[in-house]
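Worksheet: one structure, shown below.
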Amino acid sequence: MTDKHQYFSESSVLYLTARSVSITVITGVLQNKGSLSTQLTKHASRVQSEHQAKLKEICFGVCRWYPKLNSIALSMLQQPFEEEDYDLYAALLIGLYQIDYMDTPDHAAVNEAVEASKELNKNWAGKLINAVLRRYLREKDAIIAAIDSMPSVEYVHPKWFMKRLKKHWPDNLDAIVDANNSHPPMCLRVNERHVSRETAIELLLSEDIDTEKGLISSSSLYLKKPVRVNQLPHFELGYFSVQDESAQLAAFILDLKEGEKVLDACAAPGGKTGHLLERANLDVTALELEPWRLDKIHENLDRLQLSAKVICADASDTDSWWDGQSFDKILLDAPCSATGVIRRNPDIKINRKPKEVEELTHTQKNILHAVWKTLAPGGQLLYATCSILEEENALQIARFLETHDDAIEKALDLPEECGVKVQHGRQLLPQKQGHDGFYYCLLEKIAQSR
């Protein structure tokens with residue numbers, strides 16, 4: 001693009017507008033070319049630093065409210081956009097989002113969306129986008145009333161997901177939806193190797209960063225107002241890590257002892273790996289399937305001044321990485337649907353499908369069965385997911401216990417208010433202004449068959 005309204009040059013760097021890059025990011029998500037996080041990482045540098053917040057607001061906002069925005073748009077279009085024109089659809093969705101959720105003047109939202117069609121060299125779509133958005137401004141109440149009973153509009157969640165929530169969590173339905181549709185709080189994990197939580201509170205307060213203690217993790221602090229990590233005192237020295245409170249429980253549940261041999265079976269991005277090593281001096285092996293994610297593990301460990309044996313391998317293929325030496329403890333934070341962290345990854349509302357959940361349960365089963373044989377008798381395996389779907393959690397463990405007579409479930413040493421006790425393990429549901437959704441179940445290998 002060479003339109004003078006589209007970019008400006010500073011120090012030989014090409015910068016685009018937040019709206020323009022938002023279209024690129026959202027188009028990539030709609031075409032399932034990568035997660036929202038991946039797309040932002042790829043394209044955010046094309047926007048000047050002072051406009052990064054607007055870029056993220058638009059991208060996260062459109063994804064968060066996509067089920068509703070999509071239903072509104074489809075109700076006014078004679079036919080959906082073809083995939084080759086998803087960039088136009090992204091521009092239309094951004095226009096709807098600006099009208100409903102941002103302080104952008106209505107006329108500006110419409111004009112920007114129309115202008116986007118020109119910048120995309122698709123002038124033919126300008127009249128269509130203009131007509132749709134102006135109709136919405138005129139008939140908004142009637143349009144919403146006509147589709148208000150649809151789950152995508154009423155709950156702003158996909159229909160398939162709402163069916164499962166109503167089946168498994170009918171009493172918690174509204175609270176889960178409210179949490180998923182909210183902005184997540186920023187939670188820190190205090191590195192207690194360096195500083196106590198009480199001292200950390202004072203240290204942060206000295207920089208005008210106000211915090212509140214988490215209730216279920218003794219190393220957690222919630223920031224009352226999010227800040228950039230480089231504003232956190234001694235962040236580069238490893239005093240703090242950004243990690244949800246529910247995810248912090250893993251290192252506490254495993255009750256680690258000095259010198260233990262520990263496997264972190266699905267380690268990226270390395271947050272839990274670091275926490276394990278903060279808790280005790282351990283011999284940690286961290287596995288990660290995707291080569292491109294290894295750098296993040298090393299980056300986190302280097303900042304924390306900790307070390308682990310990091311291996312790029314499929315955890316379920318033990319022949320490719322296991323040396324035959326048994327582990328005392330295993331953390332299996334299994335790949336999952338991430339339905340407990342939708343508010344942090346709202347693109348899940350767009351691209352997660354029921355078939356993927358079935359595939360993930362198969363992957364979880366394979367990894368769990370494989371790494372179990374690397375656990376020493378008397379050792380413990382902590383199975384964890386950031387899912388709130390029963391088939392990935394309690395039912396997965398039930399099936400495992402049915403086929404392994406050398407495994408027993410151990411009670412979790414957690415506060416009573418920490419999650420919901422289910423058939424096996426404990427399910428934490430997402431809390432508005434609190435922790436994310438997470439699942440834990442602790443298993444112990446016994447020496448002889450029952």
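Counting begins at 1 with the first residue of the sequence.
In this structure R134 satisfies the side-chain hydrogen bond (donor to acceptor under 3.5 Å, both in side chains) test together with N130, sequence neighbours excluded. Residues that satisfy the ring pair (Phe, Tyr, Trp, His ring centres under 6.0 Å) test with H234, not counting sequence neighbours, are Y239. Considering only residues two or more places apart in sequence or on other chains, E207 meets the side-chain hydrogen bond (donor to acceptor under 3.5 Å, both in side chains) condition with none of them. Scanning for side-chain hydrogen bond (donor to acceptor under 3.5 Å, both in side chains) contacts around E356 gives R352, with sequence neighbours left out. Every residue two or more places apart in sequence or in another chain that forms a side-chain hydrogen bond (donor to acceptor under 3.5 Å, both in side chains) with Y89 is listed here: N70.
A 4.5 Å side-chain heavy-atom check between H183 and P226 finds every atom pair outside the cut-off. With a 4.5 Å cut-off on side-chain heavy atoms, F400 and H369 count as touching.
A donor-acceptor distance shorter than 3.5 angstrom exists from the side chain of K349 to the backbone of V156, with no hydrogens or angles considered. Proximity of a side-chain donor or acceptor of K272 to a complementary backbone N or O of D333 within less than 3.5 Å is not detected. Judged by distance alone, with hydrogens and angles left aside, the side-chain atoms of R189 form a donor-acceptor pair with the main-chain N or O of G271 at under 3.5 Å.
Of all non-hydrogen atoms in I26 and A90, the two that sit nearest each other are CG2-CB, 3.8 Å. In terms of heavy-atom proximity, Q423 sits nearest to A398 at NE2-CB, 3.9 Å.
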In a table with atom names and distances, give each donor-acceptor pair under 3.5 Å that connects a side chain of residues 338-345 to protein atoms at least two apart or in another chain.
from, atom 1, to, atom 2, distance (Å)
T339, OG1, S337, OG, 3.0
T339, OG1, S387, OG, 3.2
T339, OG1, I388, N, 3.2
R343, NE, D436, OD1, 3.0
R343, NH1, Q431, O, 2.9
R343, NH2, G434, O, 2.7
R343, NH2, H435, O, 3.0
R343, NH2, D436, OD1, 2.8
R344, NE, D436, OD1, 3.2
R344, NE, D436, OD2, 2.7
R344, NH1, P185, O, 3.4
R344, NH2, P185, O, 3.2
R344, NH2, D244, OD1, 3.4
N345, ND2, V341, O, 3.2

